[in-house]
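Note that ligands are numbered from 1 as they come in the structure, with each ligand's atoms numbered from 1 the same way.
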Amino acid sequence: MADAAQRRPHPTTPTINTGRMMMTRFLIMGVVFLAMNVSKMFKTDKDVVPLTAETWPQYIAEHPYQGKGPVTNRSPCPMLNTLANHGILNNSGKDITKKQLIDALTRLNLGPQFGVLFTEGVFWMYHDKKALPDWISQLSTLDLAQLQKHNAIEHDVSYTRQDFDVAGDDASADPNLIFQFTQFANETGYIDLAQAGNARRLRELQSKRDNPDLVYNLFYKFFGSGSECALLLNVIGRNMAVSVDHFNKFFKEERFPDDWTPPEENFSFVRLTKATYQCYQSWSNSKETLAKEKQIEASQEKVRLVQQQ
Ligand code: HEM
Ligand SMILES: *[C@@H]1O[C@H](CO)[C@@H](O)[C@H](O)[C@H]1NC(C)=O
Ligand SMILES: *[C@@H]1O[C@H](CO)[C@@H](O)[C@H](O)[C@H]1NC(C)=O
Ligand SMILES: *[C@@H]1O[C@H](CO)[C@@H](O)[C@H](O)[C@H]1NC(C)=O
């Protein structure tokens, strides 16, 4: 846990702390926003075709991994970072247009519902607050690092990122947290819905213990953690489970694993919402305790000993 004096000040405007206020704001903004964007959610750009198991290998061969970009040009999102590391989004992580982001997500078969909604949402959420009228102005382009802004989309209790107020860095994956998550796998090396709930509960208990400035309200529990768990188990993984292998590749290297392909079925809004709710439920039902830390430390020690030999 970081000393209070060492903490970086928040790079944010004042935080909205109460879950109910955020939910209300979210719902009002959501209605306005849907009205503005609904027409776009049902058409795709004809030039951009979702990639399949057949077309992906060729595409990824043309977009090779260029190494892990510096955290100053990256986001707390493993998927957006991966896209930039392969040059599918600009490798610089900077000056990304709305169309580039929507196209990238469409190629992963996440368009147009998810792609348009998330992209429009992001360009709207991070716009220059001085621009008027406030609620219809948008960013012209996005830098991935803008997504590091604490308590905007970025939130506490991430699977692999430390809380901003604990580490002063909410964007880099912490190797210990990556290891921690993998310790929830079953004997065949998969983390399923129930275990993803347990992993999140452990993170929550750790944050409650270590982070006096913890913000983890209903908004972040449901829309934040819930949707990220849904994406992890269905887009990085498949059918509500992710393999340790794929998890490690995506989170350690921020790289598409060789045997990964985009999901075959559109990740529609209905599917995202259902999986988000299931993730939220599995966290709510989890009986995980901090005692799990001892077991994780023991496994980590075992790995260290093996590596020394
Ligand atoms: C416009 C699209 C997207 C935006 C703006 C975005 C943004 C973000 C941000 C800001 C976070 C950090 C939240 C935190 O504090 O933990 C995050 C986390 C995450 N994102 Fe994305 N994301 C997008 C699309 C995707 C997609 C397509 C996937 C698919 C796999 C994905 C998977 C994840 C996962 C698994 C996490 C959780 C990481 C963790 O808990 O350690 N995201 N995303
Ligand atoms: C990628 O970003 C760099 C630096 O910001 C810029 O010069 C370049 O034009 C961008 N490329 C594309 C394809 O947008
Ligand atoms: C581990 O989880 C995966 C995904 O849910 C499942 O297919 C597999 O059968 C499980 N293995 C064991 C040993 O339970
Ligand atoms: C699924 O993908 C097809 C092809 O791009 C598109 O026409 C359709 O609207 C998508 N459906 C959803 C729910 O996103």
Salt bridge between D163 and K208, side-chain N to carboxylate O under 4.0 Å?
-> no

Please examine the side chains of N176 and Q180, heavy atoms only from C-beta on, and report whether any two atoms are closer than 4.5 Å.
-> no

Atom 41 (O) of ligand 1: the protein heavy-atom neighbour that sits closest, reported with distance to 0.1 Å | T160 OG1, 2.5 Å

What pair of heavy atoms forms the shortest contact from Q146 to Y126, and how long is it?
-> O-CE2, 3.4 Å

Considering non-hydrogen atoms only, spot the tightest contact between Q113 and F269 and give its length.
-> OE1-N, 2.8 Å

Mind checking whether L105 contacts ligand 1 via backbone (N, CA, C, O), side chain (CB onward), both or neither, at a 4.0 Å heavy-atom cut-off?
-> side chain

Under 4.0 Å from one or more heavy atoms of L110, ligand 1 contributes atoms 27 (C)

Nearest-0.5 Å distance that lies between atom CD in E228 and atom OG1 in T160 | 9.0 Å

List every atom of ligand 3 that sits less than 4.0 Å from any heavy atom of A241, numbering the atoms from 1 in the order shown and giving each element.
-> 4 (C), 5 (O)

Of all the non-hydrogen atoms in the protein, which one sits nearest to atom 40 (O) of ligand 1, and at what distance?
-> Y159 N, 2.9 Å

Report the part of V122 (side chain from C-beta onward, or backbone N, CA, C, O) that has a heavy atom under 4.0 Å from ligand 1; answer both or neither where that applies.
-> side chain

Between R201 and E204, is there a side-chain N and carboxylate O pair less than 4.0 Å apart?
-> yes

Please confirm whether F114 and F118 have ring centers closer than 6.0 angstrom.
-> yes

Considering I178, L231, V157, which one's heavy-atom position lies nearest to atom 32 (C) of ligand 1?
-> L231

Classify the side-chain pair R271/N266 by whether it contains a donor and acceptor separated by less than 3.5 Å.
-> no

List every atom of ligand 2 that sits less than 4.0 Å from any heavy atom of Q100, numbering the atoms from 1 in the order shown and giving each element.
-> 14 (O)

For atom 7 (O) of ligand 3, decide whether some protein heavy-atom distance is shorter than 4.0 Å.
-> no

Any N or O of R200 closer than 3.5 Å to N or O of ligand 1 | no

Could you tell me whether D170 approaches ligand 1 through its side chain, its backbone, both or neither, with non-hydrogen atoms closer than 4.0 Å?
-> neither

With heavy atoms of M79 as the reference, note each atom of ligand 1 found under 4.0 Å away.
-> 26 (C), 27 (C), 28 (C), 29 (C), 30 (C), 31 (C)

Cut-off 3.5 Å, side chains only: do T273 and T276 have a donor facing an acceptor?
-> no

of all protein heavy atoms, closest to atom 13 (C) of ligand 1 is E228 OE2, 3.3 Å

Quick one: do Y59 and H63 satisfy ring pair (Phe, Tyr, Trp, His ring centres under 6.0 Å)? Show the steps, please.
-> CA-CA 6 Å; Y59 183 80; H63 295 85; 4.1 Å; yes

In terms of residue, atom name and distance, what is the protein heavy atom nearest to atom 43 (N) of ligand 1?
-> C77 CB, 3.1 Å

For Q206 and R203, test the side chains for any donor-to-acceptor distance below 3.5 angstrom and give the result as yes or no.
-> yes

Tell me which protein heavy atom sits closest to atom 5 (O) of ligand 2, plus the residue, atom name and distance to 0.1 Å.
-> D95 OD2, 2.7 Å

Tell me which protein heavy atom sits closest to atom 6 (C) of ligand 1, plus the residue, atom name and distance to 0.1 Å.
-> L80 CD1, 3.6 Å

Give the residue, atom name and distance (to 0.1 Å) of the protein heavy atom nearest atom 12 (C) of ligand 1.
-> P76 CB, 3.6 Å

Report yes if some N/O of T188 lies less than 3.5 Å from some N/O of ligand 3; otherwise report no.
-> yes

Which ligand 1 atoms does I153 reach within 4.0 Å, using its non-hydrogen atoms?
-> 9 (C), 10 (C)

Taking everything shown except Y190 itself, do over 12 heavy atoms lie less than 6.0 Å from its OH?
-> no

Counting only heavy atoms on the protein side, is anything nearer than 4.0 Å to atom 14 (O) of ligand 2?
-> yes

Relative to the heavy atoms of N90, which atoms of ligand 2 are at a distance of less than 4.0 Å?
-> 1 (C), 2 (O), 3 (C), 8 (C), 10 (C), 11 (N), 12 (C), 14 (O)

the protein heavy atom lying closest to atom 10 (C) of ligand 3 turns out to be N186 ND2, 2.5 Å

Sub-4.5 Å side-chain heavy-atom contact between P262 and R107 | no

Identify the closest protein heavy atom to atom 15 (O) of ligand 1: which residue and atom is it, and at what distance?
-> H155 N, 2.8 Å

Treat each ILVMFWY residue as a node, draw an edge where side-chain heavy atoms are under 4.5 Å apart, and state whether L177 and F247 are in one component.
-> no

For atom 14 (C) of ligand 1, which protein heavy atom lies nearest, and how many Å away is it?
-> S158 OG, 3.3 Å

In terms of atom number and element, which parts of ligand 1 are under 4.0 angstrom from non-hydrogen atoms of I236?
-> 30 (C)

Verify the neighbour count for atom NZ of K98: are there more than 12 heavy atoms of other residues, nucleotides or ligands below 6.0 Å?
-> yes

On the 0 to 90° scale, with breaks at 30° and 60°, tag the Y277-F222 ring pair as parallel, tilted or perpendicular.
-> tilted

Restricting to heavy atoms, the pick from S225, A230, G237, P78 nearest atom 33 (C) of ligand 1 would be P78

Is there any N or O on K94 that sits under 3.5 Å from an N or O of ligand 2?
-> no

So which bit of D156 gets within less than 4.0 Å of ligand 1, heavy atoms only: side chain, backbone, both or neither?
-> neither

